[in-house]
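Keep in mind that the numbers below use all heavy atoms, side chains included, and drop hydrogens, waters and symmetry copies. By convention here, the first residue in the shown sequence is residue 1.
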Amino acid sequence: MKKLGVQWIIGVSAVGSMKESIHPGEMVVPNQFIDQTKGRPNTFFDDGIVGHISFADPVCPTLSRILYEAGKEAGVTVHKDGTYICIEGPQFSTRAESRLYRTWGVDIIGMTNLPEARLAREAEICYSTIAFATDYDCWYEAAGDVSIGDVLRILAESTKRQECDSTSNQTSS
């Protein structure tokens, strides 16, 4: 990407909500990450080369603000900031893991965005992510356990709702 001249990367992902206040179908623009991955490349530097980078604030604040404002403008319920815990996958969390992560204060859980954010920072590319909550992981037993079918259904419903909202906004303008 860097060799192609890319300056901005927007990650898009389906995530589980770890808070009752973040409902399936809503969008989160996280500003912090916790890495629970183990087997993925997490650096471009190897073979004796070390490149230390600052990662205290892992996303680009300018791009994050743009994504947040675009979500609001599109009529999406969007949550600014928040902590994204990245797990290995492809399996979902155990109930014990889900409950543990909630005690850590995380807002959302997913399987993709942290390695992306770290590698983008190493490449000096501005990175942020749009995370769509599709479920409550498995901590919220009243909502039922997460399943891939539910994830795909919520994503499809959210996409249709946004397309309808966008069309009605264009015709009313």
Would you say the side chain of V78 lies within less than 4.5 Å of the side chain of V29, judging by non-hydrogen atoms? yes
Should we say atom CD of Q91 is surrounded by more than 12 heavy atoms from elsewhere, each under 6.0 Å from it? yes
Should we say atom NZ of K2 is surrounded by more than 12 heavy atoms from elsewhere, each under 6.0 Å from it? yes
Step by step, work out the side chain to side chain contact (heavy atoms under 4.5 Å, CB included) result for D137 and S17. CA-CA 6 Å; D137 201 43; S17 170; over 6 Å; no
For residues Y127 and C60, determine if any side-chain heavy atom of one lies less than 4.5 Å from a side-chain heavy atom of the other. no
Could R99 and W139 be counted as a cation-pi pair, given that NZ or CZ must be under 6.0 Å from the ring centre and within 45° of the axis? no
Tell me whether D81 contacts the main-chain N or O of P30 through its side chain, where contact means a donor paired with an acceptor under 3.5 Å. no
Check against side chain to side chain contact (heavy atoms under 4.5 Å, CB included), I109 and S93: CA-CA 9 Å; I109 185 168; S93 304; 3.2 Å; yes
With rounding to the nearest 0.5 Å, note down the distance linking CZ in R102 to CG in L100. 11.5 Å
Indicate yes or no: at least one non-hydrogen side-chain atom of E97 is less than 4.5 angstrom from one of Q36. no
With a 4.5 Å limit on heavy-atom distance, are the side chains of Y101 and I108 in contact? no
Below 30° counts as parallel, above 60° as perpendicular, anything between as tilted: where do the rings of Y140 and Y136 land? perpendicular
Using modelled atom types and a 3.5 Å cut-off, is there a donor and acceptor pairing between side-chain atoms of T134 and backbone atoms of V15? yes
Side-chain donor-acceptor contact under 3.5 Å, Q32 with Y84: no
Just so I know, are the side chains of N31 and D57 near enough to count as touching, which here means a heavy-atom distance under 4.5 Å? no
Would the distance check show the side chain of D107 and the main-chain N or O of T83 forming a donor-acceptor pair, the cut-off being under 3.5 Å? yes
CE-CD1 distance between M111 and I85, expressed to the nearest 0.5 angstrom: 12.0 Å
May I ask you to test the C86-N113 pair for a side-chain heavy-atom distance under 4.5 Å? no
